[in-house]
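Note sheet for the following structure.
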Amino acid sequence: MKKVIDQFLAQVRQKNQHEPEFMQAVTEVAEAVIPYIVKHDIYYGQNILLRMVEPERVVSFRVAWIDDQEEIQVNRGYRIEMNSAIGPYKGGLRFHPSVNLSVLKFLAFEQVFKNSLTTLPMGGGKGGSDFDPKGKTDTEVMRFCQSFMTELYRHIGPNRDIPAGDIGVGSREIGYMFGQYKRLKNEFTGVLTGKGVSWGGSLIRPEATGYGVVYFAEKMLEEKQDSFAQKTVVISGSGNVAQYAAEKVIQLGGKVVTLSDSSGYIHDAEGIDTEKLQHIMQLKNVERARINKYLEKYPKATFHAGKTPWEVPCDVALPCATQNELHESDAKMLIQNGCLCVCEGANMPSTPEAIHQFVQHKILFAPGKASNAGGVAVSGLEMAQNSLRYSWTREEVDNRLKNIMAEIHSSCMTHGKEGDYINYVKGANIAGFVKVADAMLAQGVV
Ligand code: NDP
């Protein structure tokens, strides 16, 4: 089996040299799915995975804009339309200096499996730019977003490709892009998700990814007759996903002791309660400050510059910042400190070596494509509400989110059970694969 997998990966690598993040994502899927393909005649011999790793379309474009000093700036924009076998392309836009083809292809590839797991009819895509919103004024961000959408609008549409937010793209950026799309097309359609509630957005969309991660982790703990009550939880990041994951953990009786950003992490041993979390939301979302400003109001907490929070002893770890932020040595430390459960909020935050440690030590471990699917799931619900021209209540959307996370959990169990251990990586990849592969086979060689 190893030989078959290695041959496949060598073939993909040859065509995608210099794309390490994409190869990392493909390797994880290949290792889980190829043994399954080999055992199932309907997939075997169809080159189905080779078709899946090739994006249906890649668009790359110039984004020129003028900053506040009247200097001309040039960034690069992208949209990767990866797979539309089960629905229109769907996936976020990321604005961060680290954005390149490899990062977006890995994200788009992951998105195909994630969207399939949600049970909703959505294909996979991803896009973004190497633009850094950090330190830019609102008017600079607006001019950039308008220029970006002036090209992107040709490639997207409510039945074709529906982008959303991701790192560096929150409600402000979605608003500016939606405004420009509406102006260019002269129509009010649900072409982006993550919109404001008064102009077509869904309740619970901002909370959905973070809440979904915690609902998923709750299901994992339930399998061990356990819960979040009294659990010490470390979280990385302090953006959209991290903030709402923290909020839900607190509601379920857990104690959140860390949050972070790219400058380092804060450790509050007394726990970050609702009031402290509100302060962090004000710092990050309104003042756009660095996380260490937390210490000015809560001086008992400590700040650890340039570090990640995995060294802090915990019961549950929720990596919610970015890819490859949790390494093998971090995994070993978490295991040594008695961590029971690692549930990914970010996309691919754990390196393959770290995942290997978790699986080998039978730690409850959920890959982001399963556990962070709540965000895109509620984006799918936003699309449904836009089509109906109707809004569901907070409670209705939250209940649907909970049910979807429970269904994803049971799909992972169906395909991931190995004796008394649930291999969520294997389970998520196979369950996500089957639905897309069946649709591709039915639609012929296209
Ligand atoms: P935000 O931009 O709101 O927040 C990102 C957070 O991660 C910030 O605290 C940021 O710190 C930190 N971060 C970013 N890059 C790095 C880095 N290289 N090293 C350390 N910290 C970093 O993004 P989101 O919360 O939306 O996204 C976080 C993760 O969740 C991403 O992996 C994203 O793909 C994934 N995700 C998001 C979904 C959503 O609905 N938003 C849905 C599913 C997955 P700083 O401010 O210093 O950059």
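Remember, it's a predicted structure, so these values are computed and weren't measured experimentally. First listed ligand is number 1; within each ligand, the first listed atom is number 1.
Less than 4.0 angstrom separates some heavy atom of G345 from each of these atoms of ligand 1: 30 (O), 35 (C), 44 (C). Atoms of ligand 1 lying under 4.0 Å from at least one heavy atom of K134, given by number and element, are 45 (P), 46 (O), 47 (O), 48 (O). Below 4.0 Å from some heavy atom of G168 lie the following atoms of ligand 1, by number and element: 2 (O). Listed by number with element, the atoms of ligand 1 under 4.0 angstrom from any heavy atom of C320 are 28 (C), 29 (C). Listed by atom number, the atoms of ligand 1 under 4.0 Å from S238 heavy atoms are 9 (O). Short contacts between ligand 1 and R290, defined as distances under 4.0 Å to a heavy atom of the residue, involve ligand atoms 45 (P), 46 (O), 47 (O). In summary, the atoms of ligand 1 found under 4.0 Å from a heavy atom of H96, numbered by their order in the structure, are 15 (N). Close approach of ligand 1 to G237 (heavy-atom distance below 4.0 Å) involves ligand atoms 9 (O).
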* To do: Dump the intermediate steps for salt bridge (Lys or Arg N to Asp or Glu O under 4.0 Å) on K231 and D226, then the final yes or no.
  => CA-CA 10 Å; K231 293 283 181 298; D226 212 337; 2.8 Å; yes
* To do: Please assess Y265 against F303 for the test ring pair (Phe, Tyr, Trp, His ring centres under 6.0 Å), listing each intermediate value before the final yes or no.
  => CA-CA 6 Å; Y265 76 90; F303 175 65; 7.9 Å; no
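For the residue pair S227 and E222, no side-chain donor N or O sits within less than 3.5 Å of a side-chain acceptor on the partner. Counted by atom type alone, E325 and T308 present zero donor-acceptor pairs between their side chains at under 3.5 Å. In this structure, a donor-acceptor pair under 3.5 Å is present between the side chains of Q73 and D67.
Of the heavy atoms in P349, none comes closer than 4.0 Å to ligand 1. Contacts between R205 and ligand 1 below 4.0 angstrom, taking non-hydrogen atoms only, involve the side chain exclusively.
Distance alone, capped at 3.5 Å, places no donor-acceptor pair between the S60 side chain and the Y78 backbone. The main-chain N or O of R76 is found under 3.5 Å from a side-chain atom of D130 such that the two form a donor-acceptor pair.
Of the listed options T193, V103, T322, V378, T322 places a heavy atom closest to atom 16 (C) of ligand 1. For atom 44 (C) of ligand 1, the candidate residues are T308, D132, N324, N372; the nearest heavy-atom contact is made by N372. Considering each of A321, G170, G239, S263, the one bringing a non-hydrogen atom nearest atom 28 (C) of ligand 1 is A321. Distances from atom 47 (O) of ligand 1 to the heavy atoms of P206, S262, G92 put S262 nearest.
Looking at atom 34 (O) of ligand 1, its nearest protein heavy atom turns out to be D166 OD1, 2.6 Å. For atom 27 (O) of ligand 1, the closest non-hydrogen atom of the protein is I167 CG1, 3.7 Å. In terms of protein heavy-atom proximity, atom 24 (P) of ligand 1 is closest to V241 CG2, 3.8 Å. For atom 3 (O) of ligand 1, the nearest non-hydrogen atom of the protein is N240 N, 2.9 Å. When hydrogens are left out, the protein atom nearest atom 38 (C) of ligand 1 is T209 OG1, 3.7 Å; that is the closest non-hydrogen contact.
Applying the 6.0 Å contact sphere to CD of Q336 captures no more than 12 heavy atoms from other residues, nucleotides or ligands. Within 6.0 Å of atom NZ in K435, more than 12 heavy atoms from other residues, nucleotides or ligands are found, so the atom counts as buried in its surroundings.
Within a 4.0 Å radius of atom 10 (C) of ligand 1, the protein contributes no non-hydrogen atoms.
An N or O contact shorter than 3.5 Å links N347 to ligand 1 by distance.
Scanning both residues, W65 and V63, for their nearest heavy atoms gives CD1-O, 3.7 Å. When all heavy atoms of R143 and I66 are compared, the closest pair comes out as NE-O, 2.6 Å.
Between R94 and ligand 1 there is a heavy-atom distance shorter than 4.0 Å.
D166 pairs with exactly one of L93, N347, V99, L104 by the side chain to side chain contact (heavy atoms under 4.5 Å, CB included) rule, that one being N347.
Side-chain contact check for V233 versus V257: every heavy-atom pair is 4.5 Å or farther apart.
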